[in-house]
Amino acid sequence: MAGWAATSAFDRMWAALEPIGREPSTGGYRRFAWTRTDHDLREWFAGECAARGLDLVVDRAGNQWAWWGDPDATPGRAVVIGSHLDSVPDGGAFDGPLGVVSALATVDALRAAGVVPRRPLAVVNFVDEEGARFGVACAGSRIVTGALAAERALGLTDTDGVTMAEAWRAAGRDPELLGPDPETLRRVGCFVELHVEQGRALALPPDGEGGGAEAGPVERAVAVGTDIWPHGRWRIDVPGEANHAGTTRLDDRRDAVLGLAAVVQSARAHARRHGCVATVGKLAVEPGGVNAIASRATAWLDARGADEGAVRATVEQVRDEAAASWGATTREESWTPTTAFDPALVERLGRALPHAPRLGTGAGHDAGILASHGIPSAMLFVRNPTGVSHSPAEWAGPDDCHHGVMALTTVVTDLLDATTPGVDAPPGVGS
């Protein structure tokens, strides 16, 4: 009965959330922080929390926390689950929202099973995890923990030149209140973030087995996350000289776009040499006219890999070549070292889900920011049969999503020190 209640709630919420921020022309999502779409997402979350009688609190970074139980009665004991609702440009439906919807459905499953938690439970919606608008990933969790200074955050600009401070005012918030929130964080005992896998390790058969995604056993629908690779973002500004596209000889040009193209090629070459991955997925060209030579071009470089030294070496070589050949300047916008999730928490999740494999990830998450701040954190990954993410093609099957809810319910039941004989976890996913 509890499992049916959770999966039914999941399906209903997923259907309601699906159209918000979707671009009809691409099928992808544009859910950017502190926009009208973001407002609609936050209102949806608030409505779902109110329907469950959860106490909704917004911290100084704008993150939403929905509490079941009094978090101040036993500071540092709360179990927190959730993720984020924003997206990359033309992103998929699952990255972030799967964790939020699954967390709310887990509350339903626990209640349907008659659970009365001995510890407070919260569902969190972290704001601006993707950094799609202002360029810094996990901005909400970085700000609330103090990893991103308030002054710097407020001065970040989007591609239209709008600062985060201005965006906050437009959203009806006071930017003077933005900053770290230790009072909120002192409530948290541990954080578990469920997320769609951004790769296809779970879709591949275990070593020595045949078959493919279709033949994957139920227990490979969910994995326990172990760590996050080191990763960062850098802004590279290439100077040029504006001039007429039709009257300026090629030899007389200082075209910033040529330098930008060299940066892109350099990033790929050095990443391959060092065994990393590097991506330039966002560009800006000034003045931006079809018939004007660029006076400035900006590239945002994302680099990550299993080895921190290799990632740093990749970026340093790109930086040095761009500076020597084009006079470019490089500024680090964010950096996260290797983040190992709390070993004791990972082991506890593994015991609760004994058949679930364990995976590291090359993608950054709010769980990693909280872990770096000293909050015991871990993750669950739900199978993605194609491995595609940050794309409209991102996918997780309905059955696997339901298995994710039941796995999260099993884990939270254990963490809350509660017994729930009514929770029917799927075979191979629960204990």
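Both backbone and side-chain heavy atoms feed into the values below; hydrogens, waters and symmetry mates do not. Sequence positions, counted from 1, serve as the residue numbers for this chain.
His39 and Arg42 are not linked by any side-chain donor-acceptor pair at a separation below 3.5 angstrom, with hydrogens and angles left out of the test. Between Asp11 and His402, the side chains place a donor N or O and an acceptor N or O closer than 3.5 Å (distance only, hydrogens not considered). Of the N and O atoms on the side chains of Gln317 and His274, at least one donor lies less than 3.5 Å from an acceptor on the other residue. Under the 3.5 Å distance criterion, with hydrogens and angles disregarded, no donor-acceptor pair is assigned to the side chains of Thr106 and Arg111. Between the side chains of Asp302 and Thr279, no donor N or O sits under 3.5 Å from an acceptor N or O. In this model, a donor atom of one side chain and an acceptor atom of the other lie less than 3.5 Å apart for Ser141 and Asp366.
Taking the centre of each ring, Trp34 and Trp168 come in below the 6.0 Å mark. Two rings, from Phe341 and Phe191, have their centers 6.0 Å or more apart.
In this structure a side-chain-to-backbone donor-acceptor pair under 3.5 Å is missing from Asp59 to Thr184.
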Could you walk me through whether Asn125 and His84 pass the side-chain hydrogen bond (donor to acceptor under 3.5 Å, both in side chains) check? CA-CA 5 Å; Asn125 169 33; His84 63 95; over 6 Å; no
Test Arg133 against Met164 for side-chain contact (heavy atoms from CB on, under 4.5 Å), laying out the working first. CA-CA 9 Å; Arg133 183 174 181 187; Met164 186 180 289; over 6 Å; no
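More than 12 heavy atoms of other shown residues, nucleotides or ligands fall within 6.0 angstrom of atom CZ in Arg235.
In this structure, Arg187 is not positioned above the aromatic face of Trp65 in the sense of NZ or CZ being under 6.0 Å from the six-membered ring centre and within 45° of the axis.
Ring pair Trp335/Trp234 is tilted by interplanar angle, where 30° to 60° counts as tilted.
Here the closest non-hydrogen pair linking Pro19 and Ala15 is CD-O, 3.4 Å.
Ion pair Arg31/Asp86 not flagged as a salt bridge, since none of the NZ, NE, NH1 or NH2 atoms sits closer than 4.0 Å to an Asp/Glu carboxylate oxygen. By the 4.0 Å N-to-carboxylate-O rule, Glu18 lies close enough to Arg22 to be salt-bridged with it.
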